[in-house]
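Proteins come first, then strands; the chains are lettered A, B, ... in the order of their sequence lines, and each starts at number 1. Just so we're clear, the structure is a prediction, and the values are computed from it rather than from any experiment.
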2 protein chains.
Amino acid sequence: MKISAKAEYALKAMYEIARHTQKNININVSEIAQLQGIPKAYLEQLIVHLKKAGLVRSIRGAKGGYVLSRNAGEINANEIIEAVEGPMDLGHCIGSKACSKSDKCVANDVVQQLRQSIDNVLNNITLQYFIDKYSNKEDI
Amino acid sequence: MKISAKAEYALKAMYEIARHTQKNININVSEIAQLQGIPKAYLEQLIVHLKKAGLVRSIRGAKGGYVLSRNAGEINANEIIEAVEGPMDLGHCIGSKACSKSDKCVANDVVQQLRQSIDNVLNNITLQYFIDKYSNKEDI
DNA sequence: GGTATTCTGATAAGAATAGTAAGAATTAAA
DNA sequence: TTTAATTCTTACTATTCTTATCAGAATACC
């Protein structure tokens, strides 16, 4: 039960992209990496997933970078994490022999409850929430 | 973000021990393994942790096995999972350089919210809840 | 044309997970 | 008192997952 570095990096990167998009400037991978302390080459890979998920738009070539493709209030932590980690699975039981009777599986019960709770939390955390809480007006 | 096999097995094993304890019989590792489809040798290791955490009592020697050491209503999923997985950590940020300013770390924010939510769910799932929901009166 | 950047794919080291195996210690029962 | 069943302990192993690193191709601004 842990948050992967992938998810952590993706949240941080999206926060930076969101901040800069609201200032009408794009930000490139090197800047994000430096601001948030993320290995650049690794981040490059992650951002591709964020792009494929439709969360950011890329601007290629010199002076390129990334901007949000939607409003910060319309992108939540669930989408961001799912973009880089794939659909949250949880639970080996699903479909296994011991749990074909999955409506009698205690582990499955726990997994379902957890999933619902986690989804609820992550769906309610938007990038706008991050900006309102963490971004100072005077920062770039 | 996933439930480990360890946690899954521990929940299932504790459920079986709880059921049997309420019938005043102890159950051994082989029986648990067979009933729940868990590799026996692996389960042996896990149960030792459950014992060290004070959740079960062992009866050694022939006709030995395990019984709950507390009432089923007083043992919850959080304790069970923590017993086999150690304290839930989540989040690489904690204490890292990029997040020494951890009150400005968006990933840390998410981790805190998740942790609280997960704890809340797991604390409210007791073994008695499992028994009431899943155990038929006519089963041994 | 040169440079900055995104994009793509291959590779690799290390950690974690899940499991296996062998046998020592303990105790009920024959 | 022996035997058999069981917990307990330790060491090992195979596989997958995570977290990168690296090299270079494609793209677009100046």
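A donor and an acceptor atom, one from each side chain of B/Tyr129 and B/Asn124, are nowhere located under 3.5 Å apart.
Straight-line distance from the OH atom of A/Tyr66 to the P atom of C/dT5: 12 Å, rounded to whole Å. Between the P atom of D/dT6 and the CD atom of B/Glu31 lies a distance of 7 Å, rounded to the nearest Å. Note: NZ (B/Lys12) to P (C/dA18) measures 12 Å, nearest angstrom. Here C/dT27 presents its P atom at 17 Å from CG of B/Asn28, a figure rounded to the nearest Å. With rounding to whole Å, A/Glu85 atom CD is found 11 Å from D/dC17 atom C1'. For the pair A/Leu50 CG and C/dC7 P, the interatomic distance rounds to 11 Å; values are reported in whole Å. In this structure, A/Ile32 atom CD1 and C/dC7 atom P are separated by 11 Å, rounded to whole Å. Look at CD1 on B/Ile47: it is 12 Å from C1' on D/dT6, rounded to the nearest Å.
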Could you pull out all donor-acceptor pairs under 3.5 Å where a side-chain atom in residues 44-65 of chain A meets a protein atom, sequence neighbours excluded?
residue	atom	partner	partner atom	Å
A/Lys51	NZ	A/Ser58	OG	3.2

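Remark: A/Glu74 engages A/Arg70, A/Asn71 in a side chain to side chain contact (heavy atoms under 4.5 Å, CB included) (not counting sequence neighbours). Scanning for side chain to side chain contact (heavy atoms under 4.5 Å, CB included) contacts around B/Asn123 gives B/Asn76, B/Asn78, B/Asp119, with sequence neighbours left out. Checked against side chain to side chain contact (heavy atoms under 4.5 Å, CB included), A/Gln128 has the following partners two or more places apart in sequence or in another chain: A/Gln22, A/Ala72, A/Thr126, A/Ile131, A/Asp132. Remark: A/Glu82 pairs with no residue by the salt bridge (Lys or Arg N to Asp or Glu O under 4.0 Å) rule, at least two apart or across chains.
OP1 and OP2 of D/dT19 both lie 4.0 Å or more from every side-chain N or O belonging to A/Lys6. One finds a side-chain N or O of A/Ser58 lying less than 4.0 angstrom from the OP1 or OP2 phosphate oxygen of C/dC7. The phosphate of C/dC7 has OP1 or OP2 within less than 4.0 Å of a side-chain N or O from A/Lys51. Listed pair B/Tyr42 / D/dT13 fails the phosphate criterion, with no side-chain N or O lying under 4.0 Å from OP1 or OP2. B/Tyr9 has no side-chain polar atom (N or O) that falls below the 4.0 Å cut-off from OP1 or OP2 of C/dA18.
In this structure, B/Ile59 reaches the sugar-phosphate backbone alone: every heavy-atom distance under 4.0 Å involves primed, P, OP1 or OP2 atoms, never a base.
Side chain of B/Ala62, nearest nucleotide from C/dA28, C/dC7, D/dC29: C/dA28. In the set C/dA18, C/dC7, C/dA4, the nucleotide with an atom closest to the side chain of B/Ser4 is C/dA18.
With respect to the salt-bridge test (charged N to carboxylate O, under 4.0 angstrom), the residues A/Glu16 and A/Lys12 do not qualify.
The only option from A/Asn120, A/Val110, A/Asp89, A/Leu90 that meets the side-chain contact (heavy atoms from CB on, under 4.5 Å) definition with A/Arg115 turns out to be A/Leu90.
Both A/Lys63 and A/Lys40 lie close to DNA chain D; mapped to their nearest nucleotides by heavy-atom distance, the more 5′-ward contact belongs to A/Lys40. A residue-by-residue look at A/Lys52 and A/Gly64 shows that A/Gly64 has its nearest nucleotide of DNA chain C further toward the 5' end.
Contact annotation: side chain of B/Gln45 to base of C/dT20, donor-acceptor pair present below 3.5 Å.
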Collect all protein-nucleotide pairs involving nucleotides 24-26 of chain D in which both atoms are nitrogen or oxygen and the distance is under 3.5 Å.
residue	atom	partner	partner atom	Å
D/dA26	N3	A/Arg60	NH2	3.1

